[in-house]
Amino acid sequence: MEQIYNAVAAGNSWLNEIVWGIPALVLLMGAGIILTVGLKGFQFRKFGYAMKNTLGKMFTKQEAKAGEVTPIQALTTALAATVGTGNIAGITTAITLGGAGSIFWLWVSALLGMATKYSEVLLSIKYRERNALGDWVGGPMYYIKNGLGKNWKWLGAVFCVLGGIASFGIGNAVQVGNITSSINNAIQAFVPAAADHKMAINIVVALILMAIIGIVLVGGIKRIGEVTEFLVPIMSIIYIVACLIVVIANITKVPAVFGMIFQGAFSPQAVTGGAAGVGVKMCIEWGVKRGVFSNEAGLGSAPIAHAASSESNPVKQGLYGIFEVFMDTIVICTLSGLTILLALDSSTLNYGVAGDTSLNAMALGSVFGNKAGALIIAIGMSLFALSTALSWGLYGTRCWEFLLGEKAVRPYQILYTLVVIISATMNLSLAWDIADTFNGLMAIPNLIALIALCPVVIKTTQEFFNGQRRFKK
């Protein structure tokens, strides 16, 4: 078994270096730059407008017909997938392996990612279809097939194969593994002897998760939308408030931490004390990787959820993509990073060695106490990761449905639910590594489509705002 594990780890490590090498990062950031330039900085020029028409409508009652969800439910389903373990454990890994400067590159990827996510969501509405059950379905595979033409359908199929496989990693293994890890840490904070029963706890948690995920997935997009609409605000508020309290408690250190972030972005070893392996390349790589893992801009996953919206105007739904990246990365990820950097010193962070949620718990524990810190992280991780697992169950469903038709839906959902028990007991480090690899792979066909369809995004956006100006006159 150990030999198999080592072989898989070595093979994935080799592939990961290629997938997340310089060419891939150039493609990812390049697509964001192309779309930002083509849209003339739309995400910055129209930021206020986007917030007014997304955040400003959060408490407005909305209705959706059969086979669709409200724009807010589409957003919360997508946010449920993006606001997950990447916002907590992912940021810890980025800082410990890439230094404080990785937060700067995370911001850069997010600012460009706003244009990318806006474009993805816009195209998902423009080129969506109704499936055999009458549900709206869309995403990269559909805007590749309907936007680039049927000769490019193979590229959409490639995306679906990669996305369908990735759902078991990023959507299942990583999420479930982090839930069990954080719950074990919390239980051990109260009952140290529980460390001897870690596997038993993992299995119990896995069985509960299997029941929840199975019940919700069977209910389809409607039930997923209803659950995430309830979970996302609660989990976000709990975590944001807890992090803000830690930031306020350390408010005098904030300027110095921002100094660390900006200095570390271009001279990581000056901040990490010369930690081996922490260089500019690693800093950029981990910042961008964890930014993409967190907000999923460019991956092509979130457009699958947005395609089910009752909103028929591509631009109006696209605005939710801007809000999504802003809330996920600029707000929540930044708060995670600040909390860790403010509360923990360099010796605790141990730069060069991948950190886990125990560091997040320690950071919160510096203000709330160790037990409370572990409990907050356990609750936050459980809610974040559960909602992500539900949304990725939908993404995987749509990918296999595109490839094999309606007959593939139920077998996939059963398999996805059963994999939870494996996810709860496997090596978490390997799960992260494999998820990273498939993240990068599935982004490639989507980014190719986004760059090719950039003129469509620009034209659709211009027509919408030109029409608005004519109407106002």
Side-chain angles (χ1 to χ4, degrees), residues 85-107 178 181-186 188-190 238-265 267-279 282-283 286-287 289-291 293-294 329-381 384 428-429 432:
T85 57
N87 297 78
I88 303 178
I91 299 307
T92 305
T93 305
I95 290 173
T96 53
L97 295 181
S102 61
I103 300 297
F104 173 84
W105 295 108
L106 180 135
W107 291 336
N178 275 288
S181 175
S182 58
I183 287 178
N184 264 293
N185 288 338
Q188 288 170 35
F190 289 89
I238 290 173
Y239 188 68
I240 288 173
V241 170
C243 287
L244 277 174
I245 291 173
V246 174
V247 171
I248 292 170
N250 294 276
I251 197 71
T252 57
K253 299 179 185 177
V254 170
V257 164
F258 273 97
M260 288 172 58
I261 291 172
F262 287 107
Q263 183 182 9
S267 181
Q269 293 201 356
V271 174
T272 60
V278 183
M282 287 287 286
C283 182
W286 281 105
K289 261 207 299 194
R290 285 295 170 255
F293 189 97
S294 175
T329 308
I330 302 298
V331 176
I332 299 179
C333 285
T334 298
L335 282 172
S336 282
L338 289 177
T339 300
I340 292 168
L341 292 169
L342 286 167
L344 305 179
D345 57 29
S346 57
S347 61
T348 304
L349 289 172
N350 195 16
Y351 291 113
V353 178
D356 58 24
T357 55
S358 63
L359 292 178
N360 301 85
M362 287 173 64
L364 292 176
S366 67
V367 172
F368 297 101
N370 292 334
K371 291 182 179 179
L375 187 60
I376 292 170
I377 290 298
I379 294 171
M381 285 293 289
F384 278 28
L428 193 54
S429 176
W432 269 107

Could you walk me through whether Leu375 and Phe368 pass side chain to side chain contact (heavy atoms under 4.5 Å, CB included), step by step? CA-CA 10 Å; Leu375 187 60; Phe368 297 101; over 6 Å; no
Go through the structure and list residues passing side-chain hydrogen bond (donor to acceptor under 3.5 Å, both in side chains) with Thr252, not counting sequence neighbours. none
Considering all heavy atoms of both residues, which atom of Ile376 and which atom of Ala242 are nearest to each other, and what is their separation? CG2-CB, 4.1 Å
Could you check whether any side-chain heavy atom of Thr339 comes within less than 4.5 Å of a side-chain heavy atom of Asn250, counting everything from C-beta outward? no
Under the rule for side-chain hydrogen bond (donor to acceptor under 3.5 Å, both in side chains), what residues qualify as partners of Ser102, not counting sequence neighbours? none
Return each pair, listed once, that meets side chain to side chain donor-acceptor pair (under 3.5 Å) where at least one residue sits in residues 360-380; pairs must be two or more places apart or across chains. Thr92-Asn360
Pair Ile377, Asn185 - check side chain to side chain contact (heavy atoms under 4.5 Å, CB included), show working. CA-CA 9 Å; Ile377 290 298; Asn185 288 338; over 6 Å; no
Set of residues satisfying ring-ring contact (aromatic ring centres under 6.0 Å, His included) with respect to Tyr239, sequence neighbours excluded: Phe384
Note: Ala374 and Ala361 closest approach over all heavy atoms is CA-CB, 3.8 Å
Hey, mind stepping through Ile91 and Ile103 against side chain to side chain contact (heavy atoms under 4.5 Å, CB included) and telling me if it holds? CA-CA 8 Å; Ile91 299 307; Ile103 300 297; 4.0 Å; yes
May I ask you to decide if the ring planes of Phe262 and Trp107 are parallel, tilted or perpendicular, using 30° and 60° as cut-offs? tilted
Determine the minimum heavy-atom distance between Arg290 and Ala94, stating which atoms define it. CG-CB, 3.7 Å
Shortest non-hydrogen contact between Thr329 and Gly291, atoms and distance: OG1-O, 4.4 Å
Non-neighbouring partners of Trp286 that pass ring-ring contact (aromatic ring centres under 6.0 Å, His included), sequence neighbours left out: none
Chi angles and distances behind the side chain to side chain contact (heavy atoms under 4.5 Å, CB included) call for Leu341, Ile261: CA-CA 9 Å; Leu341 292 169; Ile261 291 172; 4.1 Å; yes
Side-chain touch Val257/Leu338, heavy atoms, less than 4.5 angstrom: yes
Do Thr96 and Leu359 make a side-chain contact, defined as non-hydrogen atoms from C-beta onward lying under 4.5 Å apart? yes
I'd like to check the side-chain hydrogen bond (donor to acceptor under 3.5 Å, both in side chains) partners of Asn184; sequence neighbours left out, ordered by chain and number. Asn202
What are the two closest heavy atoms between Met362 and Thr348, and how far apart are they? CE-CG2, 3.4 Å
Ignoring hydrogens, what is the shortest heavy-atom contact between Trp105 and Cys283? Give both atom names and the distance. CD1-SG, 3.7 Å
